[in-house]
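Every value quoted in this text rests on a predicted model; they were computed, and no experiment measured them. Residue numbers begin at 1 in each chain, while the letters A, B, ... track the order of the sequences.
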Protein chains: 2
Amino acid sequence: MNIGEAARGSGLSAKMIRHYEAEGLVAPRRLENGYRDYAATDLAVLRFIRHARALAFPLEDVRKLLALWHDRGRASADVRRIALDHVAALEAKAEAMQAMAHSLRHLAQHCNGDARPDCPILDELEKLP
Amino acid sequence: MNIGEAARGSGLSAKMIRHYEAEGLVAPRRLENGYRDYAATDLAVLRFIRHARALAFPLEDVRKLLALWHDRGRASADVRRIALDHVAALEAKAEAMQAMAHSLRHLAQHCNGDARPDCPILDELEKLP
DNA sequence: GATGGGGCTTCCCATTGTGGGAAGGTCAAG
DNA sequence: CTTGACCTTCCCACAATGGGAAGCCCCATC
């Protein structure tokens, strides 16, 4: 299976697949002409990567999860800890963004939003501590 | 006022102040020795930038907001539009992250997290569509 | 007047994950 | 044999920030 097929089969772009290989996450064999050749297990790895990235796991976490995935005897506690740490990071960022959205929406509510120049949004951005 | 004082006075790092200058957001005059010299109005601009960045406005938005801020006759609707678009972007990202956190927390709940290798987190990452 | 320390300057590099694009090799169909 | 669709590697870009080197400047202290 060449990289184009692997891309279509995994849902990743060929560009990204090469990148993940450079990062050491996948290692397809090479044909005599230099083309990458993906086995079914490689495809499974690529799909795993796509799912983990869809959950916004940073590549470093994906690397650890792949190592645990390959390790038949790993402790599920190891996986769980990575996942829960990631959940905490996601929730912290999400809350920070919602707090920003909230205060900005509050400012915008007091801006009449017409042709007049008076705008408490700019006033606050100017005067905040 | 040199860049160190401007940094302390604005709450930005000197590094970032130079970066914002390279981006065209602030233009301090130069002394004969080449040092940047910040006027009180420059400091106000820097503080404005810091507040806008604290609300996660991308630099492009900060640029537009600064232009509107400098424009005494601008329409408040223009500012409001930028702010509300940004609120929508923030909320969309926050919701996406919370959705990811939610499904991952759900997976983790079904992982016993002990020394045994059985872990539905990895199983799902492997098998998802 | 020399020396030392701290501040300033510019320039380059790294980060994270993704994409664009050039230059060149390969293969299959016409 | 040409054409087009692949593939290869390598370099560059993004946004926003930080690290660090090399070199100049200023001021205080000896």
Side-chain angles (χ1 to χ4, degrees), chain A residues 1-38 42-43 45-46 48-66 85-86 89-90 92-93 96-97 100, chain B residues 1-38 42-43 45-46 48-66 82 85-86 89-90 93 96-97 100:
Chain A
M1 186 174 12
N2 66 24
I3 200 172
E5 294 170 279
R8 284 184 291 274
S10 67
L12 298 168
S13 71
K15 209 92 182 181
M16 279 300 98
I17 293 178
R18 291 194 197 97
H19 179 62
Y20 297 145
E21 178 178 347
E23 291 292 313
L25 302 184
V26 64
R29 70 186 205 101
R30 296 292 184 127
L31 299 178
E32 304 227 331
N33 60 14
Y35 284 22
R36 289 166 177 84
D37 184 37
Y38 294 86
D42 293 326
L43 193 57
V45 168
L46 292 176
F48 184 101
I49 295 172
R50 180 168 68 83
H51 299 319
R53 290 288 307 137
L55 290 168
F57 277 103
L59 275 203
E60 268 320 299
D61 282 13
V62 178
R63 189 193 312 279
K64 290 177 204 153
L65 290 172
L66 273 174
D85 285 356
H86 181 46
L90 281 176
K93 265 194 216 166
M97 278 196 279
M100 292 187 284
Chain B
M1 183 174 15
N2 65 24
I3 200 172
E5 295 171 278
R8 285 184 291 275
S10 67
L12 297 168
S13 69
K15 210 90 180 182
M16 279 299 99
I17 293 178
R18 291 194 196 95
H19 179 63
Y20 296 145
E21 178 177 347
E23 292 292 313
L25 302 184
V26 63
R29 70 186 206 100
R30 295 292 183 125
L31 299 177
E32 304 226 333
N33 59 15
Y35 284 22
R36 290 167 176 85
D37 185 36
Y38 295 86
D42 293 325
L43 193 57
V45 168
L46 293 176
F48 184 101
I49 295 172
R50 179 169 68 82
H51 299 321
R53 288 291 306 137
L55 289 168
F57 277 104
L59 275 204
E60 269 319 299
D61 282 11
V62 178
R63 189 192 312 279
K64 291 176 204 154
L65 290 173
L66 273 174
I82 294 173
D85 286 356
H86 181 47
L90 282 175
K93 266 195 219 166
M97 278 196 280
M100 292 187 283

So, does [X] get its side chain near the phosphate of [N], meaning an N or O under 4.0 Å from OP1 or OP2?
| X | N | answer |
| --- | --- | --- |
| B:Arg53 | D:dA15 | no |
| A:Arg36 | C:dT26 | no |
| A:Arg50 | C:dG17 | no |

query: Between A:Glu21 and A:Arg29, does at least one N-O distance fall below 4.0 Å, as a salt bridge requires?
result: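 A salt bridge is absent here (no side-chain N lies under 4.0 Å from a carboxylate O).
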field: Cationic N near anionic O, under 4.0 Å, A:Arg8 to A:Glu5
entry: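 Looking at A:Glu5 together with A:Arg8, the answer is no, because their closest N to O distance does not fall below 4.0 Å.
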- prompt: For A:Leu59, does its backbone N or O pair with a side-chain atom of A:Arg53 as donor and acceptor, under 3.5 Å?
  reply: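 Such a contact is absent between A:Arg53 side chain and A:Leu59 backbone.
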- prompt: Does A:Arg36 use its side chain to pair, donor to acceptor, with the backbone of A:Arg30 at less than 3.5 Å?
  reply: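 Judged by distance alone, no pair lies under 3.5 Å.
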- request: Measure from OH on A:Tyr20 to C1' on C:dG17 and round the result to the nearest Å.
  value: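 Rounded to whole Å, this separation is 7 Å.
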task: Provide, to the nearest angstrom, the distance between the CD1 atom belonging to A:Ile17 and the P atom belonging to D:dT9.
output: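 A:Ile17 atom CD1 is separated from D:dT9 atom P by 13 Å.
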query: For residues 4-15 of chain B, which residues have at least one heavy atom under 4.0 Å from DNA chain D?
result: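 Listed by number, they are B:Ser13, B:Lys15.
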query: Residues two or more places apart in sequence or in another chain: which of them pass side-chain hydrogen bond (donor to acceptor under 3.5 Å, both in side chains) with A:Asn2?
result: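 In terms of side-chain hydrogen bond (donor to acceptor under 3.5 Å, both in side chains), with neighbours along the sequence ignored, A:Asn2 is linked to no residue.
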[X] side-chain proximity, nearest of [options]:
| X | options | answer |
| --- | --- | --- |
| A:Leu59 | D:dC7, C:dG17, D:dA16 | C:dG17 |
| B:Ile3 | C:dC8, D:dT17, D:dT9 | C:dC8 |
| B:Met16 | C:dT18, D:dT9, D:dG18 | D:dG18 |

- request: For B:His86, enumerate each residue passing the ring pair (Phe, Tyr, Trp, His ring centres under 6.0 Å) test, keeping only those at least two apart in sequence or located in another chain.
  value: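 Once residues adjacent in sequence are excluded, the partners of B:His86 under the ring pair (Phe, Tyr, Trp, His ring centres under 6.0 Å) criterion are B:Phe57.
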5′-ward residue of the pair B:Gly34/A:Asn33 relative to DNA chain C: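 Here B:Gly34 is the residue nearer the 5' end.
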message: Quick check: on DNA chain D, is the nucleotide nearest B:Tyr35 upstream (toward 5') of the one nearest A:Arg30, or the reverse? Name the residue that is more 5'.
response: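 Comparing both residues, the 5'-ward one is A:Arg30.
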- request: Determine the contact category for A:Arg18: base if any of its heavy atoms lies under 4.0 Å from a base atom, sugar-phosphate if only primed atoms, P, OP1 or OP2 are that close, otherwise nothing.
  value: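 Here A:Arg18 touches the bases of the nucleic acid.
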field: Distance in Å, B:Leu65 CG paired with B:Glu60 CD, rounded so as to fall on 0.5 Å steps
entry: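 One finds 11.0 Å between CG of B:Leu65 and CD of B:Glu60.
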